[in-house]
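What follows is a short report on a single structure.
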Amino acid sequence: MANRPEARTNRFVVPSRPERLALPRRKTSQSGFALVAVIWTLGLITLLGMAVIVGARYRTKTSSNYAAVAAAEMAAESAVNLTIATALGATPDQGVNFPLRCRLPGGRTCHDHG
């Protein structure tokens, strides 16, 4: 082993434990205030969004119910008017063809479902 080169050694010394940088400490009572404020704000925004959604669903159901009630009132009014017209216009001599049909606005008949 006459002319064997020596192994290179690292010239830089690596500390076995990295040094911690000393950050200034804040008061412990204020350390999580921003986080708590953000969480409360997100919670309030979520509650407001849910209130808007629930209100919209309620208004949709209410308007749907009003439309169904209006259609039922028109059908009942048409049936009453048809009965009155049949009673006043028909004489025993005339033959009345049953079933009689009534028409609602929009071209629907009283017997249409949906």
Side-chain angles (χ1 to χ4, degrees):
M1 302 214 187
N3 289 331
R4 190 170 182 193
E6 292 182 23
R8 291 173 89 180
T9 60
N10 193 357
R11 285 186 250 167
F12 300 107
V13 177
V14 178
S16 61
R17 192 170 157 181
E19 296 178 21
R20 283 181 47 184
L21 296 176
L23 297 176
R25 291 262 184 191
R26 293 185 181 176
K27 294 180 184 175
T28 57
S29 64
Q30 293 180 355
S31 63
F33 178 75
L35 179 62
V36 171
V38 167
I39 289 172
W40 273 99
T41 303
L42 288 175
L44 289 174
I45 290 172
T46 302
L47 286 175
L48 287 173
M50 288 176 60
V52 168
I53 290 170
V54 169
R57 288 182 67 199
Y58 175 75
R59 283 190 298 274
T60 301
K61 285 183 179 181
T62 303
S63 64
S64 175
N65 288 343
Y66 284 142
V69 168
E73 285 179 3
M74 281 194 268
E77 185 74 23
S78 296
V80 168
N81 289 337
L82 181 62
T83 303
I84 292 171
T86 303
L88 292 178
T91 59
D93 302 353
Q94 297 173 333
V96 178
N97 297 331
F98 286 98
L100 298 174
R101 307 237 183 238
C102 62
R103 292 212 171 266
L104 296 174
R108 292 182 20 189
T109 63
C110 295
H111 301 288
D112 288 343
H113 298 293

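From a predicted model like this one, the values you see are computed outputs, not experimental measurements. Residues: numbered from 1 along the sequence shown.
Under the 3.5 Å distance criterion, the side-chain polar atoms of T62 are matched with a main-chain donor or acceptor of Y58.
Atom CG in L44 sits 12.0 Å away from atom CD1 in I39 (nearest 0.5 Å). The structure places CG of L47 at 11.0 Å from CG of L42, a figure rounded to the nearest 0.5 Å.
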